Amino acid sequence: MTERQKQHPTAPAGGGSVAPNRLVLLVTVVQKGKGTFFADYLKTFDANLQICLVGTGTAQADLVEFLGLKDNKRSVIFSVVREDRVDSIFAALQERFETVNRGTGIAFTIPLSSVIGKLSYAFLSNERRMIKGDE
Amino acid sequence: MEKKYEAVFCVINAGFSDDVMFAARKAGAAGGTILKGRGTAPLEAERLFKITVQPEKEIVMLLVPEDIKDNVLRELYHSAGLSNAGQGIIFSLPVDRALGLSDFSDKAKAETAQAEEK
C-alpha cells in the first residue's frame, strides 16, 4: 500500500487524483427555530452548501424531557464541510449546544466518497484558489 | 476510545414511521428524526418489480451505536421492509464522529449510577 493510499483509504488504487481536502456531510439536528441560527453559524466554517429541512423528533418521552427537547419539531441541517474543519466545528457546536437557550441538539458527520467536477469541489470546500486560474 | 455510530436511513411510505420507530426501539435504538419527502421511480421499473412507489414518503433517520446496527437493520427489514405495506428501503452510512448523543447517555448513566450508590 502506498503512502498516499494509507492517508486516503478510499483513493483509487490505480492512481487518479486525490483532492487536497476530503469532504464530509455534516448533519445537525436542532430545535425548530434554531435552524437558521446554526446554519448561519456553520457558514463561518467554510460550509457553502447547506440544506435545511423540517423534521419530527421521535425520542421517548422521558429521554425527551431529560434532553430538554419537549417540543418534537426539529430543524435538520445537511452541510458539506471539509474534513479538516470538523474538529473546530464540533468544538464550536458543543459549546453552542451547551450555552444557547433551547439550543440542544445532535450532530454527526458522514464521509463523502467522491465528488465529480472541479468547480463543484471548489464550491463545496470553499477552495477559492482553485478557481482563480480560470478568471 | 470514542464510541462508533452508524446513521440508519429508512425511506418509507408516509404514515408508516411509527412502525419503523417501534421496530427500531425493539432493537435498542433510542430515537430518530422523521423527514418528509417525495419519492419517484420509473414506471417501467415499477411494473417489472411489481411494486408501486407512493409519492409521499417519510425518511426516518436514526443514529445508532455500531454494535446494534445489524440488529436494527434486521428488525426494520422484517417489520418495515419492501414486502410490508410501508415498502421501506433501509440502508446505513458510516459516521465519523457524533456529538450530543454519547455525552448525554454517558451523563445519564453516571447520574443513575450515582443515584444507585446513594
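None of the values given here were measured: they were computed from a predicted structure. Because only heavy atoms are used, hydrogens play no part in the values below, and waters and symmetry mates are left out as well, while side chains stay in. Proteins come first, then strands; the chains are lettered A, B, ... in the order of their sequence lines, and each starts at number 1.
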Peer 1: Decide whether B:Phe22 and B:Ile59 are clustered together by the hydrophobic rule: side chain heavy atoms of Ile, Leu, Val, Met, Phe, Trp, Tyr closer than 4.5 Å, transitively.
Peer 2: no
Peer 1: Can you see which heavy atom on A:Phe90 is nearest to which on B:Leu99, and at what distance?
Peer 2: O-CD2, 3.5 Å
Peer 1: Would you mind reporting whether A:Thr56 and B:Glu58 have side-chain heavy atoms less than 4.5 Å apart?
Peer 2: no
Peer 1: What are the two closest non-hydrogen atoms of A:Val54 and B:Leu35, and how far apart are they?
Peer 2: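 What the structure gives for the nearest pair is O-CD2, 3.9 Å.
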Peer 1: Of all heavy-atom pairs between A:Ile110 and B:Ala7, which one has the smallest distance, and what is that distance?
Peer 2: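 Heavy-atom minimum between the residues: CD1-CB, 4.1 Å.
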Peer 1: Please assess A:Val24 against B:Arg97 for the test side-chain contact (heavy atoms from CB on, under 4.5 Å), listing each intermediate value before the final yes or no.
Peer 2: CA-CA 10 Å; A:Val24 294; B:Arg97 284 181 66 179; over 6 Å; no
Peer 1: Which atoms form the tightest heavy-atom contact between A:Pro111 and B:Pro94, and what is the distance?
Peer 2: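 Result for this residue pair: CD-O, 3.4 Å.
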Peer 1: Linking I/L/V/M/F/W/Y whenever any side-chain heavy atoms sit under 4.5 Å apart, do B:Phe91 and A:Phe108 land together?
Peer 2: yes
Peer 1: Taking atom OH as the centre, does B:Tyr77 end up with more than 12 heavy-atom neighbours from other residues, nucleotides or ligands that are less than 6.0 angstrom away?
Peer 2: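 No, the 6.0 Å shell around OH holds no more than 12 heavy atoms from other groups.
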Peer 1: Distance check, rounded to the nearest 0.5 Å: A:Leu53 atom CG versus B:Lys36 atom NZ?
Peer 2: 12.0 Å
Peer 1: Looking at CG of A:Leu25 and CG of B:Asp96, how far apart are the two atoms once the value is rounded to the nearest 0.5 Å?
Peer 2: 10.5 Å
Peer 1: If you define the side chain from C-beta out and look only at heavy atoms, does anything of B:Thr33 sit under 4.5 Å from A:Val76?
Peer 2: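 Touching, per the 4.5 Å side-chain cut-off.
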